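Remarks on the structure that follows.
Because the structure is a prediction, the values reported are computed rather than measured.
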Amino acid sequence: MDAGHLTRLDDAGYEQLVLDNAHPPARDQETWAALIDPALIDRTRDALNTLFQRNSSVLRKRREEREQFRLECFARGQAGKEEWFASKREYDAWRHRAANFSRTVQNALAEINRVKKEINRSINHQVAQNHRDRLRDLALAVHKHQAAHARSGGVAEQADYELWQALDSITVPIGPMSEPTSLRTMLDIYWTDVTPVDEAAERRARAERTMRTAPAGQAARFSGVPKARHVDNGKHLA
């Protein structure tokens with residue numbers, strides 16, 4: 001039975017279905033899964049609360065009636081007392097069943113409340129993650145704007161500086177202690193994609209750095225070394 005079918009039940013039918021599945025050993029798992037679906041869990045909790053309050057009201061009313069009956073019986077002397085004690089077993093059995101009913105409903109309510117908390121936590125986490133993703137997009141846009149302005153070499157306006165300073169003034173919580181961390185730090189550490197460099201690429205980059213430091217393209221460690229002379233160079237030094 002899916003959640004769509006349950007939405008078409010009236011309150012009496014829905015309460016009965018909830019009651020039929022409140023006790024775990026007697027529960028139909030597919031039906032229970034539909035009853036705790038996010039679309040129906042509030043209605044299921046309301047039905048359980050109604051069942052619990054109704055049973056509590058009946059218990060209270062029967063207890064008051066029982067006390068009134070005791071007073072009437074004891075007022076009639078020994079015969080009344082015998083009638084009172086003769087009815088006690090039946091009343092105690094009924095009260096035991098009603099107490100079990102209350103425990104079953106309360107346990108189901110506790111389970112529903114745990115599921116509801118998990119749903120709320122998941123929703124809140126998703127909302128927070130969506131907000132953080134949008135904030136990341138904004139921070140990246142501001143960062144790109146600042147980088148583009150730096151490349152162009154133009155003179156920044158006051159509005160530009162105020163926009164860029166937002167990267168330092170706006171913070172987000174991070175870590176187990178929810179420490180406030182600036183957007184710029186988030187970009188530097190968490191939000192900027194870095195392409196991994198393999199060993200071959202690193203060797204090429206190291207060679208390029210070495211060549212850039214050498215005069216006229218010659219490696220620095222060879223600078224200042226004279227060229228070797230030929231043995232027979234016409235000066236008969238051999």
Side-chain angles (χ1 to χ4, degrees), residues 1-132 173-180:
M1 187 176 296
D2 58 15
H5 175 76
L6 297 185
T7 58
R8 296 189 290 272
L9 292 176
D10 59 17
D11 290 342
Y14 196 88
E15 279 185 15
Q16 186 60 51
L17 189 66
V18 171
L19 180 58
D20 292 341
N21 289 273
H23 191 42
R27 183 178 294 169
D28 178 76
Q29 294 301 324
E30 183 179 352
T31 301
W32 183 252
L35 289 170
I36 63 175
D37 184 89
L40 289 174
I41 192 169
D42 288 335
R43 188 182 183 189
T44 301
R45 183 168 58 180
D46 290 343
L48 287 168
N49 275 320
T50 299
L51 289 166
F52 179 78
Q53 295 300 331
R54 187 183 299 146
N55 188 67
S56 297
S57 179
V58 172
L59 273 168
R60 183 168 56 252
K61 182 178 179 180
R62 286 291 302 272
R63 185 166 55 248
E64 293 171 354
E65 292 174 348
R66 182 68 179 171
E67 177 61 18
Q68 182 62 34
F69 179 61
R70 186 187 70 82
L71 294 175
E72 294 174 357
C73 287
F74 278 53
R76 291 190 286 112
Q78 185 61 33
K81 290 181 181 180
E82 291 177 359
E83 183 179 354
W84 158 260
F85 287 111
S87 66
K88 189 174 184 302
R89 178 178 297 178
E90 180 182 355
Y91 172 76
D92 287 346
W94 174 88
R95 188 180 61 178
H96 180 72
R97 292 192 300 271
N100 285 341
F101 180 91
S102 288
R103 281 193 294 271
T104 297
V105 173
Q106 282 183 306
N107 289 339
L109 270 172
E111 184 177 351
I112 288 288
N113 288 332
R114 287 194 297 270
V115 174
K116 181 65 176 177
K117 286 181 180 179
E118 289 297 327
I119 292 174
N120 290 340
R121 187 178 296 114
S122 177
I123 291 174
N124 292 337
H125 175 76
Q126 186 59 50
V127 169
Q129 187 59 48
N130 289 340
H131 290 168
R132 186 173 290 240
I174 192 71
M177 302 301 292
S178 296
E179 296 181 1

Main-chain N/O of [Y] paired with [X] side-chain donor or acceptor, under 3.5 Å:
{"X": "Asn55", "Y": "Leu51", "result": "no"}
{"X": "Asp37", "Y": "Ala33", "result": "no"}
{"X": "Thr44", "Y": "Leu40", "result": "yes"}

Worked check of side chain to side chain donor-acceptor pair (under 3.5 Å) between His96 and Asn100: CA-CA 6 Å; His96 180 72; Asn100 285 341; 3.2 Å; yes

Quick one: do the [X] and [Y] side chains pair a donor with an acceptor below 3.5 Å?
{"X": "Asn107", "Y": "Glu111", "value": "no"}
{"X": "Gln16", "Y": "Asp20", "value": "yes"}
{"X": "Arg66", "Y": "Ser87", "value": "yes"}

Worked check of side-chain contact (heavy atoms from CB on, under 4.5 Å) between Gln29 and Arg27: CA-CA 6 Å; Gln29 294 301 324; Arg27 183 178 294 169; 4.1 Å; yes

Evaluation steps, side-chain contact (heavy atoms from CB on, under 4.5 Å), between Trp94 and Leu59: CA-CA 10 Å; Trp94 174 88; Leu59 273 168; 3.8 Å; yes

Charged N-O contact under 4.0 Å between [X] and [Y]:
{"X": "Arg121", "Y": "Glu118", "result": "yes"}
{"X": "Glu83", "Y": "Arg70", "result": "no"}
{"X": "Asp46", "Y": "Arg43", "result": "no"}
{"X": "Arg45", "Y": "Asp42", "result": "yes"}

Test log, rule side-chain contact (heavy atoms from CB on, under 4.5 Å), inputs Arg63 and Glu67: CA-CA 6 Å; Arg63 185 166 55 248; Glu67 177 61 18; 6.0 Å; no

Ring geometry between Trp84 and Phe69 (parallel below 30°, tilted from 30 to 60°, perpendicular above 60°):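 Correct class here is tilted.
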
Glu90 atom CD: more than 12 heavy-atom contacts under 6.0 Å: no

Val18/Glu15 under side-chain contact (heavy atoms from CB on, under 4.5 Å): CA gap, chis, key distance, verdict: CA-CA 5 Å; Val18 171; Glu15 279 185 15; 5.7 Å; no

Contact check, side chains of Ile41 and Leu35, non-hydrogen atoms, under 4.5 Å: no

